[in-house]
Amino acid sequence: MSGNLQDIFADLQWRQLVYQATSERLGAWLLERPRTVYAGFDPTSDSLHVGHLLPLMLLRRYQKAGHRPIALVGGATGSIGDPSGKSQERNLQSLEQIEANVVAIRGQMAQLLDFSPTAASAAGPAILVNNYDWISRFSYLDFLRDVGKNVPVNVMISKDSVKNRLENPDVGISYTEFSYMLLQAYDFVHLNRTYGCELQLGGSDQWGNVTAGIDLARRMAGAEVFGMTCPLLTKSDGSKMGKTEGGALWLDAKKTSPYQFYQYWRNVADEDAGKCLRFLTELSHEEIDHLDHCRQTEPERAVSQIRLAEWLTELIHGRGALDLVRQATEIFFGGEIGKFASDADLNQIFAEVPSSQIEAARLAAGLSITDALVEAKLTKSKGEARRVVAEGGAYVNNRRIESESYQVTTADLASPTMLVLRRGKKNYALLRLVE
RNA sequence: GGGGGGAUACCAAAGUGGCCAACUGGGACAGACUGUAAAUCUGUUGUCUUCGGACUUCGCAGGUUCGAAUCCUGCUCCCCCCA
């Protein structure tokens, strides 16, 4: 069984994913035998986002290397609020909301980790736990006697996450958030007792919480356990990766469409592409080296970005979704749109394009391009529509309309009942025929 | 309580009787360039139009005038100074 363990630590180091580790000999330790490792995720929303991807991929790498991953959903800790990296006290979410979030997140994790009993990992299938299940059973008194007794407050207040807040007299920190660290620390103890879990993973902002768990495990159980953090996924300008104008980049297709997801990665800056390939994909070292080289010599081809976008889109949304995204991309950035046999095909590709309805009779009679733009809500007024045409910014089926007197007819239909209009570079709208 | 200043299009800001749909800057929107980037350059930026114009807009309501964003009266709101 332990014979097919891969040297994951070497791979992580190559990918620069090891930010801090509690032991010099972590790499060798991981090769001794299959280990059980865990990382925690706070259910602050009903979907995971790109910020969660890095630690989740880390668990996935461990599983593929022959270890057993535990994904911990923080139903309890999430209801408290982690003060790490937060400058202000946060509002509490309702328990019902958190429960709903846990359910949604659980499904997304199953796409990346193998929970099936037949999982290939030497150590067995991945495990999903919710710390609400054990923490909620504690009485306050028991918790203070069993756990609190083992935690020196002077150590707690020296942790950065707490210290920063204590030093700022304007915000301070509530007793509730102060206690967060204890809950997370106890999680490690619980997982160690229940599943023999010996390693906690997390982002570098979790270092304080990770070491708190290690200390507590030693005091409460006399166990030697380990911790490792990875860098945070940031862009070269220091901002967070995965932030869009509309907020976070979600893994849920209903919140962030596969097309938007793909496009985000497709447009990653050259300086960030190498890091993303290393951190988020499972491409081989050789291929990543090659892509680095391509980026140097012919950045204009964006080979790295396309590879990154395709790899991640397929992982998160599946092969079928990727194929549709490819088609859509070709159309959105390509030439004219030909005829589509069915409305369904067109519908899929233009899934996020707004559409308006128009009576079939009006189109049959001929519709001026300006009226069509207004009907499709691409322009506010006829005057604006006229201007857009004059500027050369009006298109039917991606073909520029030069004349204001152009009449849109049934001959322009891209599919039996749909007409594709565009204003400028990428503002699309559909007109759907109705009786 | 007294004195002074101000309100203009998405924002900022000119304009103080006709040449004002209103300078200019930003933003936004198009186009060129480009790597689906950045920068740059060009154009547009009240509504409608049979492309001749027509209509509505400069805090609100009235008034003077052939004609008002511009002058007068009242109202509302904002800022500053003195007490």
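Below, chain A is the first sequence line, B the second, and so on; all start at residue 1. None of the values given here were measured: they were computed from a predicted structure.
Set against B:G35, B:C48, B:G31, the side chain of A:Pro299 has B:G35 as its closest nucleotide. Taking the side chain of A:Asp270 as heavy atoms from C-beta on, and the options B:U36, B:G31, B:G35, the nearest nucleotide is B:G35. Listed nucleotides B:A30, B:U36, B:U47 differ in distance to A:Asn427; the shortest reach to its side chain belongs to B:A30. For A:Arg386, counting side-chain heavy atoms from C-beta on, the closest listed nucleotide (B:U36, B:U50, B:G31) is B:U50. When distances are taken from the side chain of A:Lys425 to each of B:G35, B:U34, B:U36, the shortest belongs to B:U34.
We find that CD of A:Gln305 is positioned 12 Å from P of B:A37, with the value rounded to whole Å. If you take CD of A:Glu384 and P of B:U44, they are 15 Å apart, rounded to a whole angstrom. In this structure, CG of A:Leu308 is placed 21 Å from P of B:G35, rounded to the nearest angstrom. Put simply, CG on A:Asp371 is 12 Å from C1' on B:U49, counting in whole angstrom units. Atom C1' of nucleotide B:U36 and atom OH of A:Tyr259 are separated by 8 Å, given to the nearest angstrom. Between the P atom of B:G35 and the CD1 atom of A:Ile306 lies a distance of 13 Å, rounded to the nearest Å. Whole-Å rounding puts the A:Arg423 CZ to B:A28 P distance at 13 Å.
Between the side chain of A:Glu375 and the backbone N or O of A:Asp371 there is no donor-acceptor pair closer than 3.5 Å.
Donor-acceptor pairing under 3.5 Å, judged by distance alone, is absent between the side chain of A:Arg387 and the base of B:U44. Between the side chain of A:Glu391 and the base of B:G31, no donor-acceptor pair of N or O atoms lies under 3.5 Å. Residue side chain A:Gln263 reaches the base of B:U36 through a donor-acceptor N/O pair under 3.5 Å, judged by distance alone.
Contact check, A:Lys382 against B:U47: no side-chain N or O comes under 4.0 Å of OP1 or OP2. At the phosphate of B:A37, neither OP1 nor OP2 sits under 4.0 Å from any side-chain N or O atom of A:Tyr264. Proximity of A:Ser381 to the phosphate of B:G46: no side-chain N or O atom is located under 4.0 Å from OP1 or OP2.
Contact annotation: the side chain of A:Leu26 approaches that of A:Leu199 to within less than 4.5 Å [non-hydrogen atoms, C-beta and beyond].
Anti is the classification of B:G25, since its glycosidic angle lies more than 90° from 0.
As judged by a 4.0 angstrom heavy-atom cut-off over every strand, A:Arg301 is placed among residues making no nucleic acid contact.
Comparing the C1' positions of B:U44 and B:U50 gives a spacing of 24 Å, expressed to the nearest Å.
Pair assignment for B:G52 gives none, since no Watson-Crick or G-U wobble pairing has each distance under 3.5 Å. Checking B:G43 for Watson-Crick or G-U wobble geometry (two distances, each under 3.5 Å) identifies B:C29 as its partner. Pair assignment for B:C23: none, as no Watson-Crick or G-U wobble contacts are both less than 3.5 Å. Partner assigned to B:A7 is B:U76, using Watson-Crick or G-U wobble distances below 3.5 angstrom.
Looking at A:Asp272 and A:Lys275, no side-chain N of the basic residue comes within less than 4.0 Å of a carboxylate O on the acidic one, giving no salt bridge. Note on A:Glu298 versus A:Arg295: no salt bridge recorded, every NZ/NE/NH1/NH2 to OD/OE distance being 4.0 Å or above. Salt-bridge annotation for A:Arg60 and A:Glu282: present, with a side-chain N of the basic residue lying under 4.0 Å from a carboxylate O of the acidic one. Between A:Arg432 and A:Asp343 no salt bridge is recorded (no basic side-chain N to carboxylate O distance below 4.0 Å).
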